[in-house]
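First up is the structure itself, then whatever we jot down about it.
Proteins get letters first, then strands, A, B, ... in listed order; numbering begins at 1 in each. Atoms considered below: every heavy atom in the structure, side chains included; atoms not considered: hydrogens, waters and symmetry mates.
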Protein chains: 2
Amino acid sequence: MADTASQVDGDTGIGALGDIVGFHIRLAHGAVYRHFTETFADLGLTQKQVSVLWLADDHPGIAQIEVGRRIRMDRATTMTIINRLQDRDLMRRERSDSDGRKQALHLTAAGVAALAQAKNAIAAHESWLKSRFTDDEVEKLVEMLTRIHE
Amino acid sequence: MADTASQVDGDTGIGALGDIVGFHIRLAHGAVYRHFTETFADLGLTQKQVSVLWLADDHPGIAQIEVGRRIRMDRATTMTIINRLQDRDLMRRERSDSDGRKQALHLTAAGVAALAQAKNAIAAHESWLKSRFTDDEVEKLVEMLTRIHE
DNA sequence: CGCAAATTGTTAGTATAGCATACAATCTGA
DNA sequence: TCAGATTGTATGCTATACTAACAATTTGCG
């Protein structure tokens with residue numbers, strides 16, 4: 001007769017760790033991250049890099065600090081990501097006219113093309129992720145996740 | 001009159017990025033990770049390190065490969081984490097009797113004490129996280145996250 | 001049984017990401 | 001006008017994740 005949770009798992013599981021919500025978020029994030037990386041292996045872009053390209057495309061001339069604020073990165077981290085994108089000629093910096101402290105960010109032509117490809121890859125990635133859920137569940141999941149990160 | 005999603009955000013949001021489920025998982029993970037780090041600043045333990053201590057305590061003599069399998073890390077990554085725990089005298093390696101290739105992992109006395117402290121900190125961290133949800137919602141969230149990482 | 005293949009641990013190297021600190025340039029407000 | 005805040009930049013440290021290669025050991029096939 002089974003008498004502990006770990007034996008119910010056949011002793012291949014994570015035991016009481018499985019009761020920790022944060023642990024499940026971490027595992028789910030890891031699974032999504034790995035699939036994302038596979039999907040984007042050809043493009044050679046990471047989640048962060050795509051997010052930054054996407055934001056800069058939606059908001060031409062956006063400042064670095066503002067990019068970081070919206071996707072929850074500090075200035076130093078934002079720098080390294082934009083440095084890489086600039087080194088690969090996907091993005092360029094311009095001095096802001098309105099505020100000399102700021103850099104106005106823009107995509108290059110290559111950046112626009114890369115983002116277009118990235119959005120296709122994201123569609124495939126999202127299908128993989130959403131295939132587990134009904135539309136209602138997706139909505140509920142996003143709403144609950146938003147409560148966490150908002 | 002608002003006419004686009006980004007304007008509903010008052011132009012401070014993430015626009016169409018907000019429709020990407022994977023993006024919300026990443027943001028939520030980041031928020032949880034940051035709160036975890038704050039909660040554990042005194043103890044100086046990371047999520048991974050606590051998970052490994054926890055597993056080794058639940059399963060004395062567990063092999064490194066098995067730890068990695070259960071919390072989704074490859075052998076090399078598992079090595080670096082256990083190296084750190086061993087350097088801090090929280091964990092020790094022994095040759096396995098049954099399989100000479102394996103290391104049997106055990107907590108030291110200091111490791112047992114650290115894990116006990118960690119479990120208290122996790123309780124506080126989990127309260128912070130769960131305070132957003134009803135019990136039913138927590139159950140539904142964990143169930144949906146499990147569908148992703150299983 | 002004996003040997004090839006698989007498993008486990010280890011090491012080394014690379015890349016991404018996050019954070020702290022310090023500094024310079026610029027802007028803001030009292 | 002000038003002190004303080006903001007923004008970008010540079011540097012350094014830490015944690016994580018992956019690959020590739022290698023050694024020791026075990027497993028299983030012929």
Side-chain angles (χ1 to χ4, degrees), chain A residues 26-27 29-41 43-53 56 61-88 91-105, chain B residues 26-27 29-38 40-41 43-53 56 61-88 90-105:
Chain A
R26 196 156 64 67
L27 285 189
H29 171 256
V32 170
Y33 183 84
R34 277 188 292 275
H35 185 270
F36 187 99
T37 301
E38 285 169 32
T39 306
F40 278 71
L43 263 171
L45 291 171
T46 67
Q47 288 180 327
K48 293 281 182 191
Q49 289 168 356
V50 171
S51 299
V52 170
L53 286 177
I62 192 173
Q64 289 182 188
I65 191 76
E66 192 55 29
V67 169
R69 189 168 290 141
R70 295 186 193 203
I71 60 182
R72 310 291 196 277
M73 301 185 299
D74 68 12
R75 285 175 298 155
T77 303
T78 306
M79 274 293 301
T80 66
I81 289 168
I82 292 181
N83 282 348
R84 264 192 291 276
L85 291 171
Q86 194 178 43
D87 289 346
R88 292 173 57 182
M91 181 170 279
R92 62 192 157 79
R93 292 172 160 105
E94 292 176 4
R95 275 276 155 211
S96 167
D97 293 333
S98 59
D99 188 333
R101 294 168 302 180
K102 294 182 179 175
Q103 296 277 23
L105 300 177
Chain B
R26 195 154 66 65
L27 285 188
H29 171 258
V32 170
Y33 182 84
R34 277 187 292 275
H35 185 271
F36 187 101
T37 302
E38 284 170 31
F40 277 72
L43 262 171
L45 291 172
T46 66
Q47 288 180 327
K48 294 280 184 192
Q49 289 167 359
V50 172
S51 300
V52 170
L53 286 177
I62 192 174
Q64 290 182 189
I65 191 76
E66 192 56 29
V67 169
R69 190 169 289 142
R70 295 186 192 201
I71 60 182
R72 311 291 194 278
M73 302 184 300
D74 67 13
R75 286 174 297 155
T77 303
T78 306
M79 275 294 300
T80 66
I81 289 168
I82 293 181
N83 283 347
R84 263 192 294 275
L85 292 171
Q86 194 179 41
D87 290 345
R88 291 173 58 182
L90 300 179
M91 179 169 280
R92 61 191 158 80
R93 292 173 162 106
E94 292 176 5
R95 276 276 155 210
S96 167
D97 292 331
S98 60
D99 188 333
R101 295 167 301 182
K102 293 183 180 175
Q103 296 276 21
L105 300 177

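Across the protein-nucleic acid pair, B:I65 atom CD1 and C:dT10 atom P stand 11 Å apart, rounded to whole Å. Rounded to an integer number of Å, the gap from B:N83 CG to D:dA17 C1' is 15 Å. Rounded to a whole Å, the NZ atom of B:K102 is 12 Å from the C1' atom of D:dT27. Regarding B:L105, its CG atom lies at a distance of 8 Å from the P atom of C:dG9, rounded to whole Å. In this structure, CD of A:Q64 is placed 14 Å from C1' of C:dA25, rounded to the nearest angstrom. The separation between A:D97 atom CG and C:dC27 atom P is 11 Å, rounded to whole Å. Computed from coordinates, the B:R69 CZ to D:dA17 P distance equals 17 Å when rounded to whole Å. A:R93 has its CZ atom 8 Å from the C1' atom of D:dG8, to the nearest Å.
If one axis is set at each end of the helix from C:dC1-D:dG30 to C:dA30-D:dT1 from five pairs, those axes are 30° apart, to 10°.
Taking 4.5 Å as the limit, some side-chain heavy atom of A:L53 sits within range of a side-chain heavy atom of A:L45. Within the 4.5 Å cutoff, the side chain of A:H29 has heavy atoms near those of the B:R26 side chain. You'll find the side chain of B:I62 reaches within 4.5 Å of the side chain of B:R70, heavy atoms only. A 4.5 Å side-chain heavy-atom check between B:R101 and B:I65 finds every atom pair outside the cut-off. Inter-residue side-chain proximity for B:I71 and B:Q47 is flagged as unmet; no heavy-atom pair is nearer than 4.5 Å. With a 4.5 Å cut-off on side-chain heavy atoms, B:Q103 and B:E94 do not count as touching. Counting only heavy atoms from C-beta outward, the side chains of B:L90 and B:Q49 never approach each other to under 4.5 Å.
Distance from the side chain of A:R101 is smallest to D:dT6 among D:dT6, C:dT8, C:dT10.
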- Quick tally for nucleotides 16-24 of chain C: nucleotides whose base has a protein heavy atom under 4.0 Å get B, sugar-phosphate-only ones S, the rest -, giving SSBBB----
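With A:Q64 as the partner, the side-chain contact (heavy atoms from CB on, under 4.5 Å) test is satisfied by one option alone out of A:K102, A:M73, A:R93: A:R93.
The closest donor-acceptor contact from the side chain of A:E66 to the backbone of A:A63 lies at 3.5 Å or more, if one exists at all.
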